[in-house]
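Report on one structure; see the data block that follows.
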Amino acid sequence: MRFLYLMIVLVCFSCNSEPMLNPLESTSPLKPSPSLSPSPSPSPQVSSSLEPMPTVTPTPPPILDPLAKYGEPEIETNFNKGSDLYFFGYALSPGGAGTIGLFDNEAEDDRMAQLLLPANTPLSGPGGSSQLESYKKNYLYGTYVARFKPGSCASLKEGVVSAFFTYYNDGKDYNKNGLVDNSEIDIEILCAEPSTIYMTLWTDYSDDENFLKTTRKLNLKTGEILQTTLGQESKWGLNTKLKWNDDFPDINLFQNYLIFGFTWQPTYVRYFMVVQDQEYELWKYQNKKFIPQIPAYVMFNVWHNATHWHNDLPASKPNQPVKYNVDWFKLF
């Protein structure tokens, strides 16, 4: 009887109970547990087809103007017309000419001024030159820059000087030192010395025996410098030997237009040259005693020197006409 009773109880219990489920087999949805950290941001949607990036053309670096540091020019002339606001051309030598506005496709605007020295010119020295000269003589401190092509010769035996300079001499002795004042700053290039530049500062000139000047002669090819010795400004000789350290490009002073300039201030004169958009300092002179302090004309000229400056031997006259072309002038 007891056994039968137990069987009945077990059967009744199983009838009233829900079947037990294996949690791994449950089909009812599970609620996520609350998170203690903020919900993460949704993942960005990535397109299956990537758009090509636009092609960017690199901007070339600007061409730097080596003269930009001097600011805007106060005076600028391109010699592109038959007449000019600042300069006029003339010739002291018979058969010579100073002509403004001639065509030349190597000039920056196809026009330039040309100084013509005739073949076998009868006159030597600056008194037989062809010239460009400023109308006014009131040029003083500033930076003077010109682009020009010096006159070439058929032979190194010929003596021809192409010059860019300031000049004023009225025969008076303003500083009362017993010599006629001579305000002059020169850049001169000679056919007989095709790699050489002469730079000279004059303060006084009465005659060839009574003057004060200082000169530097620079050979661009060898780097050799000959210079007036301090205290020897009343003599012609160049007796200080120096060496120029710049890594200067190989150029021909007579084949192409060149840019030369000088900065004239009360306490110094600084000569420079621009080649391949780079400025090279040629000389900075700082002895105020031998720096001109009087306003002057601005001039260009070409002439025959009867005696070579480098060896004191006679120089031949040019056997062909010599042409000195000036493209432009700027004063900053």
(request) Compute whether any side-chain donor of one residue and acceptor of the other, for Asn325 and Gln114, lie under 3.5 angstrom apart. (result) yes
(request) Taking the side chain as every heavy atom from C-beta outward, state whether Thr267 and Ile291 have any pair of such atoms under 4.5 Å apart. (result) no
(request) Please check if the distance between the ring centroids of Tyr324 and Phe148 is under 6.0 Å. (result) yes
(request) To the nearest 0.5 Å, tell me how far Asp109 CG sits from Asn78 CG. (result) 4.5 Å
(message) Assess whether a salt bridge exists between Glu224 and Lys241, defined as any Lys/Arg side-chain N lying under 4.0 Å from an Asp/Glu carboxylate O.
(response) no
(message) For a quick check under 3.5 Å, do Tyr297 and Glu133 share a side-chain donor-acceptor pair by atom type?
(response) no
(message) Pairing donors with acceptors under 3.5 angstrom, does anything connect the side chains of Thr307 and Asp312?
(response) no
(message) Within this structure, what is the CG-OG1 distance for the pair Leu212 and Thr228, rounded to the nearest 0.5 Å?
(response) 11.0 Å
(request) Flag the pair Pro126 / Val161 as yes when at least one side-chain heavy-atom distance between them is below 4.5 Å, and no otherwise. (result) no
(message) Salt bridge check, Glu193 against Lys217: does any charged N sit closer than 4.0 Å to a carboxylate O?
(response) yes
(request) Decide whether Glu108 and Trp328 meet the rule of one side-chain donor and one side-chain acceptor closer than 3.5 Å. (result) yes
(request) For residues Gln276 and Pro249, report the shortest heavy-atom separation together with the two atoms involved. (result) NE2-CB, 4.0 Å
(request) Flag yes if more than 12 heavy atoms outside Asp247 fall under 6.0 Å of its CG atom; otherwise flag no. (result) no
(request) On the 0 to 90° scale, with breaks at 30° and 60°, tag the Phe332-Tyr70 ring pair as parallel, tilted or perpendicular. (result) tilted
(message) Check this for me, if you would: do Glu279 and Lys69 make a salt bridge, where the nitrogen-to-carboxylate-oxygen distance has to be below 4.0 angstrom?
(response) yes
(message) Could you check whether Trp236 and Phe211 have their ring centres less than 6.0 Å apart?
(response) yes
(message) Can you see whether Asn169 engages Asn182 through a side-chain donor-acceptor pair at a distance of less than 3.5 angstrom?
(response) yes
(message) For Tyr271 versus Thr200, what's the shortest heavy-atom pair and its separation?
(response) OH-O, 3.1 Å
(message) Over 60° means perpendicular and under 30° means parallel, so tell me whether Trp303 and Trp309 are parallel, tilted or perpendicular.
(response) tilted
(message) Could you report the tightest heavy-atom contact between Thr121 and Gly128, atom names first, then the distance?
(response) OG1-O, 4.3 Å
(request) Check for a donor-acceptor pair, side chain of Trp244 on one end and backbone N or O of Thr222 on the other, with a separation under 3.5 Å. (result) no
(request) State, yes or no, whether a side-chain contact exists between Met199 and Arg216 at a heavy-atom distance under 4.5 Å. (result) yes
(request) Just do the side chain to side chain donor-acceptor pair (under 3.5 Å) check on Asn177 and Asp204 with the steps written out, would you? (result) CA-CA 9 Å; Asn177 67 350; Asp204 300 87; 3.2 Å; yes
(message) Could you tell me if the side chain of Leu115 sits less than 4.5 Å from the side chain of Phe300, heavy atoms only?
(response) yes
(message) I'd like to check Met299 versus Ser134 (side-chain heavy atoms, cut-off strictly below 4.5 Å). Are they in contact?
(response) no
(message) Please verify the inter-ring angle class for Trp202 with Tyr205; under 30° counts as parallel, over 60° as perpendicular, anything in between as tilted.
(response) perpendicular
(request) Report yes if the side chains of Val145 and Leu67 come closer than 4.5 Å at any heavy-atom pair, otherwise no. (result) yes
(request) Step by step, work out the side chain to side chain donor-acceptor pair (under 3.5 Å) result for Asp104 and Tyr257. (result) CA-CA 11 Å; Asp104 185 353; Tyr257 279 92; 2.7 Å; yes
(message) Working to the nearest 0.5 angstrom, can you tell me the gap between Gln232 CD and Lys213 NZ?
(response) 10.5 Å
(request) Please check if Leu116 and Phe254 belong to a single hydrophobic cluster, counting links between Ile, Leu, Val, Met, Phe, Trp and Tyr side chain heavy atoms closer than 4.5 Å. (result) no
(request) If the plane angle is over 60° it's perpendicular, under 30° parallel, otherwise tilted; pick one for Phe329 and Phe87. (result) perpendicular
(request) Using a 4.5 Å cut-off on heavy atoms from C-beta on, say whether the side chain of Leu117 contacts that of Pro321. (result) no
(message) Looking at every heavy atom in both Ser206 and Val180, which two are closest together, and how far apart are they?
(response) OG-N, 2.9 Å
(message) Measuring from atom OG1 of Thr99 to atom CG of Leu132, what distance do you get when rounded to the nearest 0.5 angstrom?
(response) 9.0 Å
(message) Whether Lys284 engages the ring of Tyr268 as a cation-pi pair (distance to the six-membered ring centre under 6.0 angstrom, angle to the ring normal within 45°) should be assessed.
(response) yes
(request) Could you tell me which non-hydrogen atom of Gln255 sits nearest to which non-hydrogen atom of Lys149, and how far apart they are? (result) O-CD, 3.4 Å
(request) Run through Tyr144, Phe262, Tyr285, Phe165 and flag the one making a side chain to side chain contact (heavy atoms under 4.5 Å, CB included) with Ile185. (result) Phe262
(message) Is there a path of hydrophobic side-chain contacts, each under 4.5 Å between heavy atoms of I/L/V/M/F/W/Y residues, joining Val269 to Ile197?
(response) yes
(request) Specify the closest pair of heavy atoms between Arg111 and Ala107, including all atoms of both residues, with the distance to one decimal. (result) O-CB, 3.4 Å
(message) Quick check: do Leu190 and Glu158 have side-chain heavy atoms less than 4.5 Å from each other?
(response) no
(message) Evaluate Tyr90 against Gln131 for side chain to side chain donor-acceptor pair (under 3.5 Å), listing each step before the verdict.
(response) CA-CA 5 Å; Tyr90 62 95; Gln131 300 196 156; 2.2 Å; yes
(message) If only side-chain N and O atoms count, and only distance matters, is there a donor-acceptor pair under 3.5 Å linking Asn219 with Ser195?
(response) no
